[in-house]
Amino acid sequence: MIDIQLIRDNSAEVIRRYEVRNFDATGPVNRIKELDATRRQTQKQLDDTLAEGNAIAREIGQLFKTGRSSEAAALKEQSLLLKQRAKDLQEQLDMAAKELSETMTGLPMLPHHSVPPGTTEADNEIVHTEGDLPGLFNNAVPHWELAGKYDIIDFEAGTKVTGSGFPIYKGKGARLQRALISFFLDEAAQAGYTEYQPPLLVNADSAFGTGQLPDKDGQMYHVPSDNLYLIPTSEVPVTNIFRDMILNEKDLPVKCTAHSVCFRREAGSYGKDVRGLNRLHQFDKVEIVQVTHPEKSYQALDEMVNYVTTLLQKLELPFRVARLCGGDLGFAAALTYDMEVYSAAQKRWLEVSSISNFETYQAQRMKLRFRSQDGKNLLAHTLNGSALALPRIMAALLENNQSEEGISIPAALQKYTGFAIIS
RNA sequence: GGAGAGAUGGCAGAGUGGUCGAUUGCGGCGGUCUUGAAAACCGUUGAGGUGUAACAGCCUCCGGGGGUUCGAAUCCCUCUCUCUCCGCCA
């Protein structure tokens, strides 16, 4: 949710900035201005009515105290009239406030100035590429074949036990998965992130706070008997730890990391996107989350991109960094960098991390504030990124490191796996 | 799942229909004292909205929602959550 003050101050500028998302905000913005004015005006009338009622009630109290209760009848009648008027005004106010809130939450985050124009991922701006692009991988076998060859991931068993998109890792495959989780968590701890183990189910308030509800309702698994949602990412429980909080400025930035299993319904996905490990209903991910001072959030975003870069370097995977264009930018994000690794057999880039600055979008929804040095309560900025999502890292490791002898494990991981090769 | 108790400001804990946004203690902040610190003493200290040049003023909020009343933190209904006991159980 954007700050309504921006619309009050300069609505034309707001509309202009939305253009990079290919979004015409004229209608909603003008409606918001109307509703905002109505709301304030009605609020004033209501307050005055209530003030008058309070004065009369006090007066009646005095009459009772001094034993002149018989004189209160006229005042009581007047009070009842005011009460009815207040009720009507309250209804008007509620209607305006409700529509205002709905219209506000219907607006995506204002894009950062650096967001490039464009409509699809083809328009994303590649800001960095690193590592040897493996031309030598002409005979590379895709990971779903390697998985069977070395008996490390059983897709069929997963389909039988649950359904498609729920693979079962086995033997060295399971061990490699566990190694990656430990590696990522240890690295994050070293970079100053505090480790959390959050719940995998969240309530509706939390899902609203980070922006999954109401818009991405269908992407989450829902448990109706308890009205809880399986988390699509640990961003949801971790960021919501700070919901309805006023932090001290000196406690910023807050840096958290968490491993969790993630659940996504992925309704509407098909084809090569869902082959093998490319897109799953259940997968593991280590996430990093920051809550920062508004003036330092872009510095934090750069720091997070740099941090994920070091992970990919240690895993010796070729990768590139893309700044998402307006059309590809998520609803809640002001600026997002995608990190993509090259997958030798599929010969394409796989997104393994998405690092976003939400500015006040989530903070506004969850009332996450901090007390500044001059005593004001201001909205904080929230950011998060994958560091990293496991399945596609696994896919790239398998495909890129294959040889006649087997699949070699990057040096940085060997102390976690306890083996150097899968053969 | 069954029975009972409870939910008040950062925390602890009063308040049971009429200036109660709420006594008090702790904590926090500012000050006096001190070379400095501690102790002591004095003052200050919730959030949101509206309003103002800035103050002031006004409104709302005592877990959520609804009701009774001229007037509710206080009475009634309902939901949620927490605690204790029993049952079940990794």
Side-chain angles (χ1 to χ4, degrees), chain A residues 1-9 32-105 197 199-209 213 222-229 237 240-252 254 261 291 360 363-380:
Chain A
M1 205 184 299
I2 73 164
D3 187 348
I4 195 166
Q5 199 60 43
L6 292 172
I7 292 176
R8 286 180 190 150
D9 290 347
I32 285 165
K33 282 170 80 171
E34 284 170 25
L35 289 165
D36 186 42
T38 307
R39 199 199 100 249
R40 292 161 88 168
Q41 193 190 335
T42 313
Q43 174 90 63
K44 183 83 177 74
Q45 290 170 357
L46 175 63
D47 285 356
D48 290 347
T49 308
L50 289 172
E52 208 176 323
N54 287 342
I56 289 173
R58 231 170 284 147
E59 227 174 299
I60 294 173
Q62 280 305 314
L63 289 176
F64 271 83
K65 258 188 184 167
T66 53
R68 291 184 290 162
S69 50
S70 55
E71 296 170 37
L75 286 173
K76 279 194 189 183
E77 210 168 304
Q78 198 181 345
S79 177
L80 281 171
L81 283 173
L82 286 170
K83 199 175 166 184
Q84 183 55 47
R85 193 166 150 220
K87 199 178 163 196
D88 294 343
L89 285 165
Q90 184 70 57
E91 271 170 35
Q92 287 176 38
L93 180 65
D94 289 347
M95 266 194 333
K98 181 160 177 278
E99 194 190 335
L100 180 62
S101 158
E102 282 169 0
T103 315
M104 285 294 289
T105 52
Q197 268 190 35
L200 304 182
L201 289 153
V202 295
N203 59 32
D205 284 344
S206 294
F208 177 83
L213 288 180
H222 182 222
V223 183
S225 55
D226 295 285
N227 196 26
L228 295 172
Y229 296 85
N240 273 284
I241 293 169
F242 305 98
R243 170 151 52 85
D244 284 321
M245 280 179 74
I246 300 175
L247 304 168
N248 288 319
E249 181 168 355
K250 64 173 160 49
D251 295 331
L252 300 177
V254 176
V261 182
V291 180
T360 59
Q364 175 94 259
R365 291 178 151 223
M366 62 171 82
K367 301 196 175 18
L368 197 185
R369 291 163 294 171
F370 69 96
R371 193 182 308 280
S372 71
Q373 269 157 358
D374 55 353
K376 290 219 171 77
N377 294 329
L378 305 172
L379 290 169

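The figures here come from the full heavy-atom set of this structure, side chains too, leaving out hydrogens, waters and symmetry mates. In what follows, every chain begins at residue 1, and chains take the letters A, B, ... in the order their sequences are listed.
Backbone-only engagement by A:Asn377 is indicated by non-hydrogen atom pairs under 4.0 Å involving sugar-phosphate atoms exclusively.
Using the Watson-Crick or G-U wobble rule with both distances under 3.5 Å, B:rA47 pairs with B:rU60. The base-pairing partner of B:rU84, taking Watson-Crick or G-U wobble contacts with both distances under 3.5 Å, is B:rA3. Pair assignment for B:rU23 gives none, since no Watson-Crick or G-U wobble pairing has each distance under 3.5 Å. Of the nucleotides present, none pairs with B:rU34 by Watson-Crick or G-U wobble criteria with both distances under 3.5 Å. Nucleotide B:rG9 forms no Watson-Crick or G-U wobble pair with any nucleotide shown, as no partner meets the under 3.5 Å limit on both distances. B:rC70: Watson-Crick or G-U partner is B:rG18, with both key distances under 3.5 Å.
Using C1' as the reference atom, B:rC81 and B:rC75 are 23 Å apart when rounded to the nearest Å. Comparing B:rC33 with B:rC26, their C1' atoms are spaced 23 Å from each other, to the whole Å. Nucleotides B:rG17 and B:rG28 are separated by 35 Å at their C1' atoms, to the nearest Å. For the P atom pair drawn from B:rC79 and B:rA22, the interatomic distance equals 33 Å after rounding to whole Å. B:rC61 and B:rG66 are spaced 11 Å apart, taking the P atom of each and rounding to whole Å. Using C1' as the reference atom, B:rA73 and B:rG18 are 14 Å apart when rounded to the nearest Å. Rounded to whole Å, the P atom of B:rG46 lies 23 Å from the corresponding atom of B:rC41. For the P atom pair drawn from B:rC70 and B:rG65, the interatomic distance equals 23 Å after rounding to whole Å.
Atom CG of A:Asp244 is separated from atom C1' of B:rG46 by 14 Å (rounded to the nearest Å). Per the geometry, CD belonging to A:Gln90 stands 10 Å off P belonging to B:rC61, to the nearest Å. Rounded to whole Å, the distance from CG on A:Asn227 to P on B:rC79 is 16 Å. Between A:Asp94 atom CG and B:rG66 atom C1' the separation is 14 Å, expressed in whole Å. The interatomic distance linking A:Lys250 (NZ) with B:rC29 (C1') rounds to 12 Å, in whole Å. Between the P atom of B:rU60 and the CG atom of A:Asp48 lies a distance of 12 Å, rounded to the nearest Å. The distance from atom CD of A:Glu59 to atom P of B:rU19 is 15 Å, rounded to the nearest whole Å. Per the geometry, CG belonging to A:Leu368 stands 16 Å off P belonging to B:rA47, to the nearest Å.
Between the side chain of A:Thr360 and the backbone N or O of A:Gln364 there is no donor-acceptor pair closer than 3.5 Å. In this structure a side-chain-to-backbone donor-acceptor pair under 3.5 Å is present from A:Thr103 to A:Glu99. A:Arg243 places no side-chain N or O within 3.5 Å of a backbone atom of A:Leu368 that could act as its donor or acceptor partner. A distance-only check finds no donor-acceptor pair linking the side chain of A:Asn248 to the backbone of A:Asp251 [under 3.5 Å]. One N or O on the side chain of A:Thr38 and one on the backbone of A:Glu34 form a donor-acceptor pair closer than 3.5 Å.
Distances shorter than 4.0 Å separate none of the side-chain N or O atoms of A:Arg369 from OP1 or OP2 on B:rA47. A sub-4.0 Å separation between OP1 or OP2 of B:rU19 and a side-chain N or O of A:Asn54 is absent. Between A:Arg371 and B:rA47 there is a side-chain N or O to OP1 or OP2 distance below 4.0 Å.
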- Task: Go along nucleotides 69-77 of chain B 5' to 3' and tag each nucleotide: B for a protein heavy atom under 4.0 Å from its base, S when only backbone or sugar atoms are that close, - otherwise.
- Result: BBS------

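When only modelled atom types and interatomic distance are considered, A:Gln5 and A:Arg8 share a side-chain donor-acceptor pair under 3.5 Å. A side-chain donor-acceptor contact under 3.5 Å links A:Gln84 and A:Asp88.
Nearest-nucleotide assignment on RNA chain B puts the 5′-proximal partner with A:Arg40, out of A:Ala55 and A:Arg40. Nearer the 5' end of RNA chain B, as judged by each residue's closest nucleotide, is the contact made by A:Gln62, out of A:Gln62 and A:Leu46.
To the nearest 0.5 Å, atom CG of residue A:Leu50 and atom CZ of residue A:Arg85 are 10.0 Å apart.
No option in A:Leu201, A:Leu228, A:Asn227 other than A:Asn227 meets the side-chain contact (heavy atoms from CB on, under 4.5 Å) test with A:His222.
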